[in-house]
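Counting from 1, the numbers follow the sequence of the chain as shown. Order of appearance sets the numbers: ligands from 1, and atoms from 1 within every ligand.
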Amino acid sequence: MHDYHVHTTYSDGDLLPRMVGAAEEAGLDGVGFADHCNVFGTEGARAYRDAFGFNLDLTYERRRRAIERSRNRTDLRIYDAVEMDYHPDYEDEIEAFLSDAGFQYAIGSVHAVDGANVHDREHFGRLSTAEREGAVETYVDRVCALVDSELFDVAAHVDLVERNPALRGLLTADQYRRIADALKKSRTVPEINAGRVLDDYGEFHPSDPFVQTLLDAGVEFTIGSDAHEPGALIDSVDRLADTVAERDLPVIELDV
Ligand SMILES: [Zn+2]
Ligand SMILES: [Zn+2]
């Protein structure tokens, strides 16, 4: 199995050698390091990036050298990748950066809606039901635009709003279908993402009914533990292998 979505200290994860060790222990055939990266250049994005140390746009060459050294010490296939923040207003910046950097593949993510992080329970908790539904609709618009942009190999956690109790359960069957239709027409593949499966949410992204809609549309998946530390990687890979086998999910390897 290939886990294409793992974080290191080049964003908000653990040390790269420790994550390589965990990938070996988990029995993976391949692991892809996809650290957070943002090239929007807005004041808000810059403040967020500075606060959390998401500087892969500045450090990817250093990480690449570390990945090359790691490859010499293991049979595991190790991929040099990125998890890019996506917004339709910054497609040119994203495209230019990706083309310069030359990662083996790129994961695209919508992490914010209307200037607020999708995880922000306080912000979305203050909104009325109509406003929350509006935020979810905007989220779906952004995910569809991400897929339509053809900038990415993988679309990350396509129902990220489910992670936030203030937004959970608001995605509709029509919205599942909109995202499924966009994916069906695109080279971009969604992932089965285990980012919160060991956490309070306890489910994979996408949720079971959403996965069913994607399966009905003939969409395939990649695997992403979205792990930030070694123990989570090992446990998530276990859970991912189980769910793929139980549901007989069509999982692909990226052509990299
Ligand atoms: Zn993410
Ligand atoms: Zn991630």
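Nearest N/O/S atom of H7 with respect to the Zn ion (ligand 2) is recorded as NE2. Checked against the Zn ion (ligand 2), the N, O or S atom of H5 at the shortest distance is NE2. Closest N/O/S atom of D226 to the Zn ion (ligand 2): OD1. The name of the N, O or S atom in E83 nearest to the Zn ion (ligand 2) is OE1. Nearest N/O/S atom of H157 with respect to the Zn ion (ligand 1) is recorded as NE2.
Counting only residues at least two apart or on different chains, the side chain to side chain donor-acceptor pair (under 3.5 Å) pairs with a member in residues 15-26 are D14-R18, E24-T74.
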| Residues K185, D148; criterion salt bridge (Lys or Arg N to Asp or Glu O under 4.0 Å); working and verdict | CA-CA 8 Å; K185 285 182 277 189; D148 291 344; 6.0 Å; no
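Between F52 and F54, the ring-plane angle classifies as tilted under the 30° and 60° cut-offs.
Side-chain atoms of R168 and Y201, non-hydrogen and from C-beta on, do get closer than 4.5 Å to each other.
For the 3.5 Å distance criterion, the side chains of N164 and H119 fail to qualify, holding no donor opposite an acceptor.
Among the atoms of H111, an N, O or S atom is found under 2.8 Å from the Zn ion (ligand 1). Backbone or side-chain N, O or S atoms of H228 do not reach the Zn ion (ligand 2) at under 2.8 Å.
The aromatic ring centres of F33 and Y79 sit 6.0 Å or more apart.
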